[in-house]
Amino acid sequence: MMKLRFSVVLVFMVCCIVLSQTVRGKITDEDGNGLTSVTVMNISSDQKTYTNTDGTFSIDASAEDELRFIRAGYERASIQASYGIDKDLNIKLTRIAHDIEEVKVPNITEDLTKDARSVEKADKGRVIQDAVGLPQPSGKMREKPAEVKDVLIPIILGQLNVQGMYDLISGKARRQKRQYRYDDLQEDISWIRNRVEDEYFTKEGIPKERISEFIEFSFLIKPQTRTFVRAKNLAGALLRMEKMIPVFKTRLQATKL
């Protein structure tokens with residue numbers, strides 16, 4: 001009886017080890033330099049972390065999980081976690097080519113609204129589109145996730161939405177919604193980072209490698225901030241983020257302790 005219990009416990013422990021392990025690695029640019037502030041996301045579990053100052057990271061994942069790596073200004077990369085179970089991963093991100101000149105940061109004052117206008121980078125592509133009258137695309141080109149009402153109502157009427165039923169049962173619809181929420185969040189974070197230089201945050205005491213985390217923190221605590229981001233109102237977004245700086249710095253200090 002004792003041997004049976006021991007065997008069951010042993011099998012359980014082995015299963016736990018196989019199902020979830022710590023995956024480690026390093027993310028670099030094309031020149032081999034470690035990249036900081038890269039978001040490392042486990043798509044299957046929604047767990048995420050950020051690379052350290054030398055580009056290294058560690059995250060829990062099962063062999064079949066997909067790991068995704070995102071950083072503003074670089075092409076997105078992904079890999080199956082199984083490649084990092086027995087050895088450290090080496091991920092190289094490729095910088096996205098830009099034709100727009102970098103805007104130098106002017107002197108920063110204590111007036112946040114004034115600074116927001118001065119550090120905002122010009123979107124030359126948008127300026128050209130507005131000048132020639134090119135129409136803007138409406139919405140995002142996404143596959144619409146299946147909804148329960150869209151599947152049940154046709155069944156009541158004697159029709160069966162086979163694909164919709166499969167998407168709900170298999171969990172595809174849930175994964176799509178989760179992925180879309182994550183993509184939207186990263187897009188809003190990138191919108192801020194692409195328009196405001198790092199110095200704007202570091203002078204307030206936010207470490208460079210924690211800027212993306214701070215922006216996400218501001219979105220979570222003050223959801224209205226994202227409303228201003230969606231409205232392309234940089235000054236309004238920064239005004240609300242400013243109120244979160246002391247809270248976030250206190251949180252950083254608590255973490256260090």
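Along the sequence shown, the residues carry numbers beginning at 1.
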Does the pair S212 and R193 meet the rule for a side chain to side chain donor-acceptor pair (under 3.5 Å), with working shown? CA-CA 8 Å; S212 294; R193 298 213 62 177; 2.8 Å; yes

Can you tell me if CZ on F217 sees more than 12 non-hydrogen neighbours from other groups inside 6.0 Å? yes

Counting only heavy atoms not in K48 (residues, nucleotides, ligands), do more than 12 fall under 6.0 Å from its NZ?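 Counting neighbours around NZ of K48, more than 12 heavy atoms of other residues, nucleotides or ligands fall under 6.0 Å, so yes.
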
Test item: [X] side-chain N/O and [Y] main-chain N/O as donor-acceptor pair under 3.5 Å:
| X | Y | answer |
| --- | --- | --- |
| T202 | E199 | yes |
| R240 | G236 | yes |
| T51 | F57 | no |
| N42 | S44 | yes |
| R195 | W191 | yes |
| R210 | S37 | no |

Might you point out which heavy atoms bring [X] and [Y] nearest each other, and give the distance in Å?
| X | Y | result |
| --- | --- | --- |
| E204 | K249 | O-NZ, 3.3 Å |
| M244 | S218 | CB-OG, 3.7 Å |
| L67 | L89 | CD1-CD1, 4.3 Å |
| I245 | I206 | CG2-CD1, 4.4 Å |
| E216 | Y50 | OE1-OH, 2.9 Å |
| V229 | A237 | CG2-CB, 4.0 Å |

Can you see whether N33 engages T28 through a side-chain donor-acceptor pair at a distance of less than 3.5 angstrom? no

Looking only at side chains, do R24 and T56 share a donor and an acceptor under 3.5 Å apart? no

Charged N-O contact under 4.0 Å between [X] and [Y]:
| X | Y | value |
| --- | --- | --- |
| K26 | D88 | no |
| K203 | D198 | no |
| R178 | D46 | yes |
| R68 | E66 | yes |

Would you check, one step at a time, whether the test side chain to side chain contact (heavy atoms under 4.5 Å, CB included) holds for V40 with I27? CA-CA 10 Å; V40 181; I27 303 178; 4.1 Å; yes

With rounding to the nearest 0.5 Å, note down the distance linking [atom1] in [X] to [atom2] in [Y].
| X | Y | atom1 | atom2 | answer |
| --- | --- | --- | --- | --- |
| I43 | R175 | CD1 | CZ | 11.5 Å |
| D184 | I189 | CG | CD1 | 11.0 Å |
| I96 | N194 | CD1 | CG | 8.5 Å |
| I221 | M241 | CD1 | CE | 13.0 Å |
| K222 | T227 | NZ | OG1 | 11.5 Å |
| T225 | N233 | OG1 | CG | 11.0 Å |

Taking [Y] as the starting point, is it possible to reach [X] by hopping between hydrophobic residues whose side chains are less than 4.5 Å apart?
| X | Y | answer |
| --- | --- | --- |
| M41 | I215 | no |
| F219 | I70 | no |
| I59 | V38 | yes |
| F228 | L220 | no |
| L93 | Y182 | no |

Go through it in stages, so that I can follow the logic: the residues are D29 and R95, the test is salt bridge (Lys or Arg N to Asp or Glu O under 4.0 Å), and I'd like the CA-CA distance, side-chain angles, deciding distance and then a yes or no. CA-CA 7 Å; D29 58 16; R95 185 180 295 276; 5.3 Å; no

Could you check R76 against D183 for side chain to side chain contact (heavy atoms under 4.5 Å, CB included), going step by step and ending with a plain yes or no? CA-CA 11 Å; R76 181 180 302 180; D183 290 343; 3.4 Å; yes

Evaluate the side chain to side chain contact (heavy atoms under 4.5 Å, CB included) criterion for residues Q253 and T250: first the C-alpha distance (whole Å), next the side-chain angles of each, then the deciding distance (0.1 Å), finally the verdict. CA-CA 5 Å; Q253 291 296 329; T250 301; 5.7 Å; no

Assert yes or no for the condition that the ring centre distance of Y74 to F69 is strictly below 6.0 Å. no

Check against side chain to side chain contact (heavy atoms under 4.5 Å, CB included), Q47 and D60: CA-CA 8 Å; Q47 181 186 0; D60 292 335; 3.6 Å; yes

